[in-house]
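Okay, so here's the structure we're looking at.
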2 protein chains.
Amino acid sequence: MGIQKTSLVDIVIDRIKNHILKNGLKPGDKFLSEKELVDQLQVSRTVVREALISLQSVGIVTIKPGGGVYIADTKLGSINTILKHHYETYGVKIKELVEIRKIIELGALRLIIEKQIDLNIGQLNDINESYYQTIIKKEDTKKYDRLFHQSLMKATDNETFYNFSEIINEYFSLVKIDLVQNEEALIQSYREHAEIIKSLSEHKLQQAQKVMTDHFEPIFTFINQMEEQS
Amino acid sequence: MGIQKTSLVDIVIDRIKNHILKNGLKPGDKFLSEKELVDQLQVSRTVVREALISLQSVGIVTIKPGGGVYIADTKLGSINTILKHHYETYGVKIKELVEIRKIIELGALRLIIEKQIDLNIGQLNDINESYYQTIIKKEDTKKYDRLFHQSLMKATDNETFYNFSEIINEYFSLVKIDLVQNEEALIQSYREHAEIIKSLSEHKLQQAQKVMTDHFEPIFTFINQMEEQS
DNA sequence: AGTTATAATATTGTCAGACCAATTTTTATT
DNA sequence: AATAAAAATTGGTCTGACAATATTATAACT
């Protein structure tokens, strides 16, 4: 137990990684073709293919049928792939994801205030007003709602945090949850956004977090109802 | 751009995932062999192998040469591989990771209290006492410190949240940060643990979060000093 | 019967060659 | 020069074979 002889595929994977690093290849760059790799590494096409497929699975390269191999656009984006696999294989409790989202959003508020971020209040208000417009025009409201929350995440001045929040959002979007909201509920949501902006502008963390908590209430109520049914 | 015909490999991957989900296979379970999959799915061994390699790369199965295919032990574990590559390729700011850890730990406290989790206070105290013992015996303190925080994460009754916190911790461990702490600082840390336990047992969220915030102070101070030097 | 050594079998690892499908490049045509 | 057709490149899938490793069945022995 323990030490296992490294397979040829693993060796090739390492070689490829080194090659990428050594040559400073960046996302989008064209990589060597299967044939070129076979010739250079002197291994069978099977091994090269399996190595490339593995690397594609972890988001390092992208294989385009007929087109060649490319360096993947990876800004942690490949984690989504894994989460998707994970979700489709094991399933995941919606409630858990919502709880995580809530923790993250509350965390964003804390970071913004504790780090004394110079918020662009006007921009946030603009987004929220656009949100309001889509509500009364009975258009799709998701876009501006998401934009609002994304703006808060970005405002934390923590790129890794933002990336993770996006990952969670992607993960969340795997769960097809249709929270049908009437206009009244949406307007309430709009008001809460406004309150959050106001609290942030006044540097009131507790208050902002309180509103955000309320903001999550409807979805928790919805989920609890769903669970009762099943 | 957009729609791309799904490959056979992708279809097989989907089938395999469904099989795992449908049969409720758990980590460690023996899975079907390549031959069995070939027979059942009526595709070439090439396709089956490539599908399995891909699934192995995202941490869903483990292939043992000569021994068969198994369901992988670590849920979400393979994300660490991606994070490692990401870290080695793009670099990541330590401060950002610490902020995230703080947000997560504060979030755990919130979940525990809001969900009125029936905490095992005795166990937490035991862990903290063991922590204290290692401090005064001048042994390695990391183990029990980590165990304490892990216990809090687990107590949230949110497996996905716990998994993410572990991922962050793993990510964090990539950053070799040696926060040399003297005995006094460690004992202070021990006291804060105790205070957190007490606050939780009394269901006092604000207080628990306050202590946890203090608990993170030394490391932020350290990081800020590091940044000034460079 | 129980244990151990050995053989048979099952399973994954690697290779080679072939053909198909999609894409890219080249060439020919206008 | 722009366009269309042909050719070459490249990845996708299949088949069959043999090697390396692990498991299981068998035989031998105590």
Side-chain angles (χ1 to χ4, degrees), chain A residues 1-17 19-20 23 25 27-73 78 81 85, chain B residues 1-17 19-20 23 25 27-73 78:
Chain A
M1 156 157 138
I3 301 145
Q4 53 181 349
K5 202 171 142 190
T6 46
S7 67
L8 250 182
V9 173
D10 286 337
I11 294 172
V12 169
I13 288 174
D14 254 31
R15 291 280 202 93
I16 292 176
K17 275 187 185 172
H19 185 276
I20 295 174
N23 296 65
L25 298 185
D29 287 355
K30 190 163 176 58
F31 191 61
L32 303 170
S33 69
E34 291 184 1
K35 183 173 174 7
E36 289 171 320
L37 284 168
V38 166
D39 292 341
Q40 288 196 17
L41 302 174
Q42 290 291 303
V43 292
S44 70
R45 195 180 157 210
T46 308
V47 169
V48 167
R49 273 190 65 79
E50 292 186 353
L52 287 175
I53 286 186
S54 176
L55 287 170
Q56 180 173 53
S57 298
V58 297
I60 293 176
V61 304
T62 301
I63 306 172
K64 292 187 183 177
V69 182
Y70 296 80
I71 307 297
D73 309 313
S78 51
T81 317
H85 282 289
Chain B
M1 141 161 146
I3 301 145
Q4 54 182 349
K5 198 172 146 192
T6 47
S7 67
L8 249 185
V9 172
D10 285 337
I11 294 172
V12 169
I13 288 175
D14 255 28
R15 290 283 202 92
I16 291 176
K17 286 192 290 197
H19 185 276
I20 295 174
N23 297 66
L25 298 185
D29 287 355
K30 190 162 176 59
F31 192 59
L32 303 170
S33 69
E34 290 182 1
K35 182 170 171 13
E36 289 171 321
L37 285 168
V38 166
D39 293 341
Q40 288 195 17
L41 301 174
Q42 290 291 303
V43 293
S44 71
R45 196 181 154 211
T46 308
V47 170
V48 167
R49 273 190 66 79
E50 292 186 353
L52 287 175
I53 296 247
S54 176
L55 287 171
Q56 181 173 52
S57 299
V58 297
I60 290 181
V61 303
T62 302
I63 306 173
K64 293 187 182 176
V69 182
Y70 296 79
I71 308 298
D73 339 293
S78 54

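Reminder, nothing fancy here: chain letters follow the sequence lines and each chain counts from 1. All heavy atoms count here, side chains included; hydrogens, waters and symmetry mates do not.
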Problem set entry | Minimum-distance pair of heavy atoms, taken over all atoms of A:Val48 and A:Val38 | CG2-CG2, 3.8 Å
Exercise. Is there a side-chain contact between A:Leu52 and A:Leu37, using heavy atoms and a 4.5 Å cut-off?
Worked result: yes
Seminar exercise, completed: All heavy atoms of A:Ala51 vs all of A:Val12, minimum pair found to be CB-CG1, 3.6 Å
Exercise. Okay, side chain of A:Ser54, backbone of A:Glu50: is any donor-acceptor separation there less than 3.5 Å?
Worked result: no
Exercise. More than 12 heavy atoms of other residues, nucleotides or ligands under 6.0 Å from NZ of B:Lys35: is that the case?
Worked result: no
Exercise. Quick one: what's the B/S/- string for nucleotides 7-18 of chain D, heavy-atom cutoff under 4.0 Å, read 5' to 3'?
Worked result: ---BBBBBB-B-
